[in-house]
*Asks:* 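I have a structure I would like to understand better, so I am pasting it below and will then ask my questions one at a time.
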Amino acid sequence: MNVYTSQRYMLDLIIPLYESTASQESYDNVKQQQLNTLATAWACGLGYDDCIEMAVNLYAKWMKDPDDISIINPNIKKTVYCTAIAEGGGKEWDFAWSVYLEAESSFERGKLLEAMGCTRDTEILHRYLEKAFTKGSRIKQMDALVVFYSVAKNVVGRDVAWNFLRQNGRSIYEQ
């Protein structure tokens, strides 16, 4: 693992917490669930290999059986989706898009919209922004801001979002 000093320091703090909460089958209370959610988000976000591997494996398992909603713990879905899409490629992104199109729950659609902005593929990010701001696309106009934010907060997507905004600012404003 090649990480910066402050990132290494944060990982040294987070890893024991992540490992202690990730190994539990069930939680005694809501605080333990929340702790697991946060520890997983931090561990994966800071690039902890075990966390990334867990997320990628769960997502791949879900891709093989998309109807089994129990594969991914609801408390860590957002992190698993984002991590797997960031680590994966077009196949993982396309899977999330197809699930988004079929999802009935607005909560689930929101998680997927955010996660699809995690990809590191700049072409996919640009197309995603185009979909979000094209009338008649499958993304609701009120969700376009979620898409823009998810791309803009991605280190790889910042420039994509900025360039998209500069090129399309007037039409976005008119919408």
*Asks:* Yes or no on side-chain contact (heavy atoms from CB on, under 4.5 Å) for L35 and K31, after CA distance, side-chain angles and deciding distance?
*Replies:* CA-CA 6 Å; L35 197 57; K31 286 186 181 182; over 6 Å; no
*Asks:* Are L165 and V151 connected into the same hydrophobic cluster when the rule is that any two of I, L, V, M, F, W, Y join if their side-chain heavy atoms are below 4.5 Å apart?
*Replies:* yes
*Asks:* Does M63 share a hydrophobic cluster with V80, counting links as ILVMFWY side-chain heavy atoms below 4.5 Å and allowing steps through other members?
*Replies:* yes
*Asks:* Would you check if the side chain of T21 reaches a backbone N or O of Y18 as a donor-acceptor pair within less than 3.5 Å?
*Replies:*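 Yes: the side chain of T21 pairs with the backbone of Y18.
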*Asks:* If you look at every heavy atom in I139 and Y100, which pair is closest and at what distance?
*Replies:* CA-OH, 3.7 Å
*Asks:* Closest heavy-atom contact between V56 and E87?
*Replies:*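 Here V56 and E87 meet closest at CG2-CB, 3.8 Å.
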*Asks:* Just wondering, more than 12 heavy atoms not from K61 lying within 6.0 Å of its NZ?
*Replies:* no
*Asks:* To the nearest 0.5 Å, how far apart are OG in S171 and CG in N168?
*Replies:* 4.5 Å
*Asks:* How long is the gap from CD1 on I72 to CE on M54, to the nearest 0.5 Å?
*Replies:* 9.5 Å
*Asks:* I need the minimum non-hydrogen distance between I14 and A43, along with the two atoms involved.
*Replies:* CG2-N, 3.8 Å
*Asks:* Is there a donor-acceptor pair closer than 3.5 Å between any side-chain N or O of T134 and the backbone N or O of S137?
*Replies:* no
*Asks:* Using 4.0 Å as the upper bound for N to carboxylate O, is an ion pair formed by R109 and E104?
*Replies:*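 No, E104 and R109 are not salt-bridged.
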*Asks:* Applying a strict under-4.5 Å side-chain criterion to I, L, V, M, F, W and Y, I'd like to know whether V99 and L58 cluster together.
*Replies:*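 Yes.
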*Asks:* Mind checking the OH-CD spacing from Y48 to E53? Nearest 0.5 Å is all I need.
*Replies:*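 Answer for the OH-CD pair, Y48 versus E53, is 10.0 Å.
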*Asks:* Would one find more than 12 heavy atoms of other residues, nucleotides or ligands at under 6.0 Å from atom CZ of R158?
*Replies:* yes
*Asks:* I'd like to know if C44 pairs up with C82 as a disulfide, counting it only when the SG to SG distance is below 2.5 Å.
*Replies:* no
*Asks:* In terms of hydrophobic clustering (I, L, V, M, F, W, Y; side-chain heavy atoms under 4.5 Å; direct or indirect links), are F95 and L101 co-clustered?
*Replies:*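 In one cluster: yes.
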*Asks:* If you take all heavy atoms of M10 and L46, which pair is closest and at what distance?
*Replies:*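 Looking at all heavy atoms of both residues, the closest pair is CB-CD1, 3.6 Å.
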*Asks:* Taking it one step at a time, do S70 and D68 satisfy side-chain hydrogen bond (donor to acceptor under 3.5 Å, both in side chains)?
*Replies:* CA-CA 5 Å; S70 69; D68 186 354; 2.5 Å; yes
*Asks:* Search all heavy atoms of K64 against all heavy atoms of P66 and return the closest pair with its distance.
*Replies:*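 Heavy-atom minimum between the residues: C-CD, 3.6 Å.
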*Asks:* Could you check whether W62 and Y81 have their ring centres less than 6.0 Å apart?
*Replies:* yes
*Asks:* Rounded to the nearest 0.5 Å, what separates atom CG in N73 from atom OG1 in T79?
*Replies:* 10.5 Å
*Asks:* Is the side chain of T119 donor-acceptor paired with the backbone N or O of M116 at a distance under 3.5 Å, no angle test?
*Replies:*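 No; judged by distance alone, with no hydrogens or angles, the pair does not exist.
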*Asks:* Starting from the C-alpha separation in whole Å, work towards a yes-or-no answer on side-chain contact (heavy atoms from CB on, under 4.5 Å) for D67 and I69.
*Replies:* CA-CA 6 Å; D67 295 327; I69 60 170; over 6 Å; no
*Asks:* Is there a side-chain contact (heavy atoms from CB on, under 4.5 Å) between E19 and D50 once you walk through the steps?
*Replies:* CA-CA 9 Å; E19 289 178 347; D50 289 358; 4.1 Å; yes
*Asks:* Do K135 and Q141 have side chains that get closer than 4.5 Å, going by heavy atoms?
*Replies:*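 Answer no - side chains too far apart.
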*Asks:* Take atom NZ in K78; do more than 12 heavy atoms of anything else shown fall under 6.0 Å from it?
*Replies:*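 Atom NZ in K78 is not crowded, with 12 or fewer foreign heavy atoms closer than 6.0 Å.
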*Asks:* Above 12 or not: heavy atoms from other molecules or residues under 6.0 Å from CZ of R170?
*Replies:*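 No, CZ of R170 has 12 or fewer neighbouring heavy atoms, counting only those of other groups under 6.0 Å.
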*Asks:* Check the pair T83, C51 against side-chain contact (heavy atoms from CB on, under 4.5 Å), reporting the backbone distance first and the verdict last.
*Replies:* CA-CA 9 Å; T83 302; C51 186; 5.9 Å; no
*Asks:* Could you check whether atom CD of E130 has more than 12 heavy atoms from other residues, nucleotides or ligands sitting under 6.0 Å from it?
*Replies:* yes
*Asks:* State yes or no: do Y128 and W162 share one hydrophobic cluster built from I, L, V, M, F, W and Y residues joined by side-chain heavy-atom distances below 4.5 Å, directly or via other members?
*Replies:*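 Both belong to a single hydrophobic cluster.
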*Asks:* I'd like to know if the side chain of N163 and the backbone of D159 have a donor-acceptor N/O pair within less than 3.5 Å.
*Replies:*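 Yes: the side chain of N163 pairs with the backbone of D159.
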*Asks:* Can you tell me how far apart CD1 (I85) and CD1 (I124) are? Round to the nearest 0.5 Å.
*Replies:*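 Going from CD1 on I85 over to CD1 on I124, the span is 9.5 Å.
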*Asks:* For F164 and F148, I'd like to know if the aromatic rings sit close, meaning centre-to-centre distance below 6.0 Å.
*Replies:* no
*Asks:* CH2/W42 to CG/L13 distance, rounded to the nearest 0.5 angstrom?
*Replies:*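 It is 10.0 Å, given to the nearest 0.5 Å.
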*Asks:* For L125 and G117, which heavy atoms make the closest approach, and how far apart are they?
*Replies:* CD2-O, 3.5 Å
*Asks:* Under 3.5 Å, is there a donor-acceptor pair between the side chain of N75 and the main chain of T37?
*Replies:* no
